[in-house]
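Structure, as structure tokens:
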Amino acid sequence: VSGSAELSARPDRARVSLRLSSRKEAAEAARSSVSRRLQYIAHTARLHGIPEENMTVTEDFSREENTYQMEAEVCIIFNDFGKMQNVCNLLIEKLGTSVTINPPNFYHTPEAIDTLRRQVCVTAVGNMRRKAQEVCQLFGQALGKPLLIKEEETKEWGGHIDSHLSLSADSHTLQERIQNATAYASCRVFAAFEIKGKENRRSKL
């Protein structure tokens, strides 16, 4: 008997990139302007329970003619998309145009993909066993132990954000981006079962 299954898994992580910049005639003024906003972002993230290891900051300091430019990028990884929206909305509300928040990049952790692979295989085996039981019932037989179980085919697709999304991110909703990053897996399995004849109830009595 063969059996198959197809399952999907929504992304379990989102990476959000925020950009800050300041150009001043004095070096310290440029540094201070960006530093204050970085402190507020870190404070907001902590208030929402974001671990420090889920936040990275890179800074770039340069001089152009008679001015100094300070730039910073903050990357925050979220495993709660509702919390992600709350943090981003609050930062936009408080910092306004002084911060640029890029659309989130959704992805799967290796653990999430491994779980999907196991689940789709187990589901396919369960479907196959139910099919075998129903066939046995048609002939008045009982399903015995499996003699052989083999994975015949597995496929995975999706789980990536199309390149065009980054070019026109504003035209895609959050749900559309999540859907586009959803991973899919299918599995087909084969098994040979022992078939047992049902004993006559009178002989048991």
Side-chain angles (χ1 to χ4, degrees), residues 1-18 41-42 44-58 73-91 101-136 143-169 172-194:
V1 180
S2 65
S4 61
E6 181 180 314
L7 297 176
S8 64
R10 286 158 59 96
D12 61 327
R13 292 290 186 275
R15 183 185 295 106
V16 176
S17 173
L18 305 91
I41 291 172
T44 302
R46 282 195 300 270
L47 284 180
H48 286 79
I50 307 299
E52 287 189 15
E53 58 267 25
N54 284 14
M55 194 170 115
T56 57
V57 180
T58 55
E73 181 181 17
V74 183
C75 286
I76 306 176
I77 295 175
F78 295 90
N79 56 17
D80 184 326
F81 300 160
K83 187 179 292 184
M84 174 194 72
Q85 286 182 287
N86 291 337
V87 170
C88 291
N89 291 343
L90 182 61
L91 293 177
I101 302 179
N102 293 322
N105 175 30
F106 294 102
Y107 65 98
H108 296 81
T109 56
E111 294 79 10
I113 294 297
D114 285 343
T115 298
L116 175 63
R117 289 169 180 159
R118 288 197 305 271
Q119 286 178 340
V120 74
C121 180
V122 171
T123 303
V125 171
N127 292 341
M128 174 193 61
R129 186 174 184 275
R130 281 190 292 274
K131 184 195 292 186
Q133 285 177 323
E134 291 174 5
V135 170
C136 284
L143 186 67
K145 64 182 180 182
L147 304 175
L148 169 72
I149 299 177
K150 182 174 68 174
E151 255 186 331
E152 288 193 317
E153 183 183 61
T154 57
K155 291 181 180 178
E156 295 177 22
W157 65 97
H160 304 287
I161 294 181
D162 292 339
S163 58
H164 73 270
L165 281 183
S166 59
L167 300 177
S168 56
H172 291 84
T173 66
L174 198 66
Q175 288 300 325
E176 287 172 337
R177 297 182 68 84
I178 291 174
Q179 182 61 40
N180 193 265
T182 295
Y184 298 85
S186 67
C187 180
R188 189 173 73 244
V189 294
F190 170 83
F193 289 94
E194 192 177 66

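Note that CG of Leu147 and CZ of Phe193 are 9.0 Å apart. Values are rounded to the nearest 0.5 Å. The structure places CG of Asn86 at 12.5 Å from CG of Leu47, a figure rounded to the nearest 0.5 Å. Cys187 contributes atom SG, which lies 11.5 Å from atom CD of Glu6 (distance to the nearest 0.5 angstrom). One finds the NE2 atom of His48 at 7.5 Å from the OG1 atom of Thr44 (value rounded to the nearest 0.5 Å). Summarising the geometry, atom CG belonging to Asn79 is positioned 8.0 Å from atom CG belonging to Asp12; distances are rounded to the nearest 0.5 Å. Taking CD of Glu194 as the reference point, atom CG of Leu148 lies at 13.5 Å (rounded to 0.5 Å).
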_Go through it in stages, so that I can follow the logic: the residues are Leu18 and Leu91, the test is side-chain contact (heavy atoms from CB on, under 4.5 Å), and I'd like the CA-CA distance, side-chain angles, deciding distance and then a yes or no._
CA-CA 10 Å; Leu18 305 91; Leu91 293 177; 3.5 Å; yes

Report task. For salt bridge (Lys or Arg N to Asp or Glu O under 4.0 Å), just list the numbers for Glu156 and Arg117, CA-CA rounded to whole Å, side-chain angles, deciding distance to a tenth of an Å, and then say yes or no. Result -> CA-CA 9 Å; Glu156 295 177 22; Arg117 289 169 180 159; 2.5 Å; yes

Residue pair Lys155, Glu153: steps toward the side-chain contact (heavy atoms from CB on, under 4.5 Å) verdict: CA-CA 7 Å; Lys155 291 181 180 178; Glu153 183 183 61; 3.5 Å; yes

(request) Could you please spell out the steps behind the side-chain contact (heavy atoms from CB on, under 4.5 Å) verdict for Glu53 and Ile77? (result) CA-CA 9 Å; Glu53 58 267 25; Ile77 295 175; over 6 Å; no

**OP:** Assess whether side-chain contact (heavy atoms from CB on, under 4.5 Å) is satisfied between Gln179 and Phe106, documenting all intermediate values.
**Re:** CA-CA 10 Å; Gln179 182 61 40; Phe106 294 102; over 6 Å; no

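The minimum heavy-atom distance linking Ile101 with Cys88 is given by the pair CD1-O, 3.7 Å. Heavy-atom minimum distance, Val120 versus Ala5: CG2-O, 3.5 Å. For Ile76 against Met55, the heavy-atom pair with the smallest separation is CG1-CG, 3.8 Å.
With Asn89 contributing its side chain and Gln85 its backbone, the two residues share a donor-acceptor pair below 3.5 Å. Checking side-chain atoms of His108 against main-chain N and O of Thr182 turns up no donor-acceptor pair under 3.5 Å. Under the 3.5 Å distance criterion, the side-chain polar atoms of Gln119 are left unmatched by any main-chain donor or acceptor of Leu116. Panel note: side chain Arg177, backbone Pro104; a donor-acceptor pair is recorded below 3.5 Å. Distance alone, capped at 3.5 Å, is enough to place a donor-acceptor pair between the Lys131 side chain and the Ser2 backbone. Side-chain atoms of Asn127 come within 3.5 Å of backbone atoms of Ser4 as a donor-acceptor pair (strictly under, hydrogens ignored).
By the neighbour-count criterion of 12 heavy atoms within 6.0 Å, atom CZ of Arg13 is densely surrounded, having more than that number from other residues, nucleotides or ligands. No more than 12 heavy atoms of other residues, nucleotides or ligands shown are found within 6.0 angstrom of CD on Glu52.
For the pair Met84 and Val16, the minimum side-chain heavy-atom distance is below 4.5 Å. Contact of the Phe190 side chain with the Val1 side chain is not registered, since no non-hydrogen atoms from C-beta on lie closer than 4.5 Å. Looking only at side-chain heavy atoms (C-beta outward), Cys121 and Thr154 stay at 4.5 Å or farther from each other. At least one side-chain heavy atom of Thr123 sits less than 4.5 Å from a side-chain heavy atom of Leu7.
Using a 30° and 60° split on the angle between ring planes, Tyr184 and Trp157 fall in the parallel class, below 30°.
Annotation: cation-pi geometry satisfied between Arg15 and Tyr107 (NZ/CZ under 6.0 angstrom from ring centroid, within 45° of ring axis).
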